[in-house]
Amino acid sequence: IAAAVGKDVPVTCVSSATGYAFAGSSAAAVVASVLSLQNGMIPAIANSKTPAEDCPVNLVMGTPATTEKKAALVIAYNYYGQAAALVIGK
């Protein structure tokens, strides 16, 4: 992620709160991204307090982060090796 969009872009993980819902996980991430753009608030990663020392991205932890970003990138993958990315704009 850091190589593609930089280290300062806020990163969150919806499935940390919802669990892995198979095909529904990607839909939940898209909904969360749309709501984040509409409300200017990025949800914090649930059930995690401290990132690894070598974590190369800006994880949203502890409390939600405010944002004025105009776009979001949703990255989805599954246990079978399939992956997709979706860019959502305001």
Side-chain angles (χ1 to χ4, degrees):
I1 295 172
V5 297
K7 295 181 179 183
D8 295 328
V9 174
V11 175
T12 193
C13 177
V14 176
S15 62
S16 67
T18 63
Y20 183 67
F22 297 92
S25 293
S26 299
V30 169
V31 169
S33 297
V34 169
L35 291 172
S36 291
L37 291 173
Q38 285 181 344
N39 298 320
M41 190 72 59
I42 302 169
I45 297 172
N47 304 312
S48 188
K49 298 189 191 291
T50 307
E53 289 181 21
D54 60 348
C55 181
V57 295
N58 176 20
L59 298 176
V60 179
M61 308 201 64
T63 59
T66 58
T67 185
E68 294 182 13
K69 301 283 186 195
K70 303 288 186 222
L73 172 64
V74 179
I75 301 171
Y77 59 93
N78 66 23
Y79 293 124
Y80 306 107
Q82 297 168 321
L86 174 67
V87 175
I88 301 169
K90 269 186 155 180

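All values reported here derive from a predicted model rather than from experimental measurement.
Grouped with Y80 in a hydrophobic cluster is no other residue, since no side-chain heavy-atom contact under 4.5 Å to another Ile, Leu, Val, Met, Phe, Trp or Tyr is found.
Criterion: ILVMFWY side-chain heavy atoms under 4.5 Å apart, direct or through other members. Under it, V14 and L59 are not part of a common hydrophobic cluster. Under the 4.5 Å side-chain contact rule for hydrophobic residues, V60 and V57 do not share a cluster.
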Under 3.5 Å, which donor-acceptor pairs do the side chains of residues 28-43 form with other protein atoms, sequence neighbours left out?
from	atom 1	to	atom 2	distance (Å)
S33	OG	A29	O	2.9
S36	OG	A32	O	2.9
S36	OG	M41	O	3.1
N39	ND2	L35	O	3.2

N/O donor to acceptor pairs below 3.5 angstrom from side-chain atoms of residues 65-77, sequence neighbours left out:
from	atom 1	to	atom 2	distance (Å)
T67	OG1	K69	N	3.0

With a 3.5 Å cut-off and sequence neighbours excluded, list the donor-acceptor pairs that the side chains of residues 47-56 form with protein atoms.
from	atom 1	to	atom 2	distance (Å)
N47	ND2	S16	O	3.0

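Rounding to the nearest 0.5 Å gives a distance of 7.0 Å between CG of N58 and CG of D8.
With sequence neighbours left out, the side chain to side chain contact (heavy atoms under 4.5 Å, CB included) criterion links S25 to Y20, A21.
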